[in-house]
Amino acid sequence: MSNELPVSNFIRHIIDSDLASGKRTSVVTRFPPEPNGYLHIGHVKAININFGIAQDYQGLCNLRMDDTNPEKEEDEYAAAIEADVHWLGFKWSGDVRHASDYFDQLYAYGEELIQSGKAFVCDLTPEEVREHRGDFVKPGKESPYRNRTPAENLDLFRRMKAGEFADGSKTLRLKIDMGSPNLNMRDPVIYRIKREHHIKTGDKWCIYPMYDYTHCISDALEGITHSLCSLEFEDHRPLYDWVLDNITIPCHPQQIEFSRLETLYVVTSKRKLKQLVDENLVTGWDDPRMPTVTGMRRRGYSPEGLRLFVQRAGVSKTPNVVDFSALEGAVREELEESSPRVIAVLDPIKVTLTNFEAGVTTSRTAPFHPHHAEWGEREVPIAPVIYVEREDFAEVPPAGWQRLTPGGEVRLRYSYVIKCDEVIKDAAGNVIELKCSLDPATLGQNPVGRKVKGVIHWISAEHAIQADVRLYDRLFTEARPDAVRGEDGQYVDFKQFINPESLKTVTAYVEASVKDAPPETRYQFERLGYFVTDRKEHVPGQKPVFNRTVTLKDTWAAKEAK
RNA sequence: AGGGGAGUCGCCAAGUUGGUUAAGGCAUCGGAUUUUGAUUCCGACAUGCGAAGGUUCGAAUCCUUCUUCCCCUGCCA
């Protein structure tokens, strides 16, 4: 369960040996999202690793907005990120940090680099920079501006900051090695001119530092010991180290890279998620079908379930793809333990109990959870007219069928055994009503002389309340919706694989005990799955709205499908 | 003159300095219990570690060669 012991992984090994050797005496990590989109399932892994490791080693973990590109960043995203991390159950050390908190220091280090002859102002255009960079097999060419004097560079850099030059006309570059086989080391740009309103610093700056330069210094300023990031930054590590080795800074965090978490039947690219939102293919970033943290939250996934999932996925450098069902399994497993059980009928058939006798036919109570007696019980009232699930009746049952069938018997959950005596159909031949008789000797006890194996759920027509229930299924029909190639060898638009059945809304009958549940209350609807009252649209006592989080495991359906 | 990574069961993943029968989880398949076809419980599940050679009493771990996949040519992060 959620308290499984952390499994050994290569990052823990590194930390263990750093602590043992005295290289480090504490652990400080950080989660550094760019506030340019919503957090998704992949981020949950990074969050869990960074906050989890800090927790396990009695260390600290900072939350830092990596806000160095004002063109893309918005307050809305920053606020959502904070809310998501908090909801996932993590507490960051101190206030939320921002890379922009360090703009002054970053700038000062820029001047230091210039003065030590390790950075220069370059007038090359973006196209020229690209040409000079060379490529994988060709070394780059040095910029003609590379040999400006420190004094000249300093003057130019100060004037860049003062706003004397047009956007994009000049950059500050590191003087490293245009011949390096690592393209990141070919005199990388560390400052660009960009007149853009920043979410934190407003219009104070017209020059903004680049990621590679900002990230390592921000880490060092915060006293980060282990800077954990994903694999694509491996090539950037030499630059991370170079910057810290060439400025006056007392701290040098170690960057360690791990592989991202990919999930089948999901897209996680910010661009693609945004497309789904912008083109109204989903209702928003928090649509319960979205793999965003806020979407999964609305779907009813619990923080514990999400954490269990990423913990099970493990930490390594192996590129990995985890099936979506593993996510559903972890969520289900955690919900099994934590959700009260209630009864709902999603697709009703009317059943008339022909021998119901007022005052004689009685009800039982039922526990809210089979293993949590302390959660109490509620009455499950019976009446002459009840509803059962359409799926639980078959006129011509397949082999192995354990539910209702003409002439057959079945147990009504927490109530009597009934027998179907008559099937009533409309003109079109659809079953519209079942007439059943109950065996009065079977309330709370097994019938004598015969075995009734099947148990179905049901609800009293007069006691039930109506609720909107949204039945969600996975958003895509393809395991890798963004990796399907057509006959021409080109990628097919991933939006073609949207599952038309990913949302069905029904009006269901639910037992009255859920009537006043606040939003985001999770239940198991017995035999159906886990459901949550909608975070936005559910109104307690007035308008019940449920989202299906995930179905129960169904070995019968699996067998049927074969 | 390319560089950086990764290949252990269907999916993850432990295994670190070579030492007994290659952890564990998920999935799957049996079976038991069950008034949720759920849960729970038992059992099965890699003569094999990308491939081929080699070193060794002994190799997933060391050496050689080969092979497959991923990342990198933003004034994005």
message = Output one letter per nucleotide in nucleotides 30-37 of chain B: B when a protein non-hydrogen atom lies under 4.0 Å from the base, S when only the sugar-phosphate is that close, - when neither is.
response = ----BBBB
message = Any strand counts, and the cut-off is 3.5 Å on both contacts for Watson-Crick or G-U wobble. Which nucleotide pairs with B:A44?
response = B:U28
key: Closest-nucleotide ordering on RNA chain B, the 5'-leading residue of A:Asp123 and A:Lys138   = A:Lys138
task = Ignoring backbone atoms, test whether A:Arg186 places a side-chain nitrogen or oxygen under 4.0 Å from the OP1 or OP2 oxygen of B:C72.
result = no
request  = Please work out which of the three classes, parallel, tilted or perpendicular, describes the rings of A:Phe525 and A:Phe531, given edges at 30° and 60°.
outcome  = parallel
Side chain A:His457 and base B:A38 donor-acceptor under 3.5 Å = no
message = List the residues meeting salt bridge (charged side-chain N to carboxylate O under 4.0 Å, His left out) with A:Arg30, not counting sequence neighbours, and say none if there are none.
response = A:Asp219
ask   = Taking the chi torsion of B:G53, is it syn (within 90° of 0) or anti (everything else)?
value = anti
message = On the nucleotide B:A14, are OP1 or OP2 found under 4.0 Å from the side-chain N or O atoms that A:Ser316 carries?
response = no
request  = Determine: side-chain N/O of A:Arg130 to OP1/OP2 of B:G74, distance under 4.0 Å, yes or no.
outcome  = yes
task = Please work out if A:Leu124 contacts a base, only the sugar-phosphate, or nothing of the nucleic acid, heavy-atom cut-off 4.0 Å.
result = base
ask   = Do A:Asn69 and A:Lys194 meet the criterion of a side-chain donor-acceptor pair at a distance under 3.5 Å?
value = yes
task = Using a 4.0 Å heavy-atom cut-off across all strands, classify A:Pro126 as base, sugar-phosphate, or nothing.
result = base
request  = Return the value, rounded to whole Å, for the distance between atom CD of A:Glu131 and atom P of B:C75.
outcome  = 13 Å
query = So, are A:Glu262 and A:Lys45 salt-bridged, with charged N and O less than 4.0 Å apart?
reply = no
ask   = For B:C11, does OP1 or OP2 lie under 4.0 Å from any side-chain N or O of A:Ser325?
value = no
ask   = Is A:Lys194 near enough to B:C76 that one of its side-chain N or O atoms lies under 4.0 angstrom from OP1 or OP2?
value = yes
inquiry  = Is A:Asn320 close enough to B:A13 that one of its side-chain N or O atoms is under 4.0 Å from OP1 or OP2 there?
reply    = yes
remark   = By salt bridge (charged side-chain N to carboxylate O under 4.0 Å, His left out), A:Asp18 pairs with (sequence neighbours left out) none
task = Quote, to the nearest angstrom, the P distance that separates B:A51 from B:U67.
result = 15 Å
task = May I ask you to say whether A:Glu142 pairs ionically with A:Arg146, meaning some side-chain N is under 4.0 Å from a carboxylate O?
result = yes
task = Test for a donor-acceptor pair under 3.5 Å between the base of B:G4 and the side chain of A:Asn182, counting only N and O atoms.
result = no
ask   = Using the ring of each side chain (for Trp, its six-membered ring), is A:His369 parallel, tilted or perpendicular to A:Trp375, with breaks at 30° and 60°?
value = perpendicular
side-chain N/O A:Arg332 vs B:C26 OP1/OP2, d < 4.0 Å = no
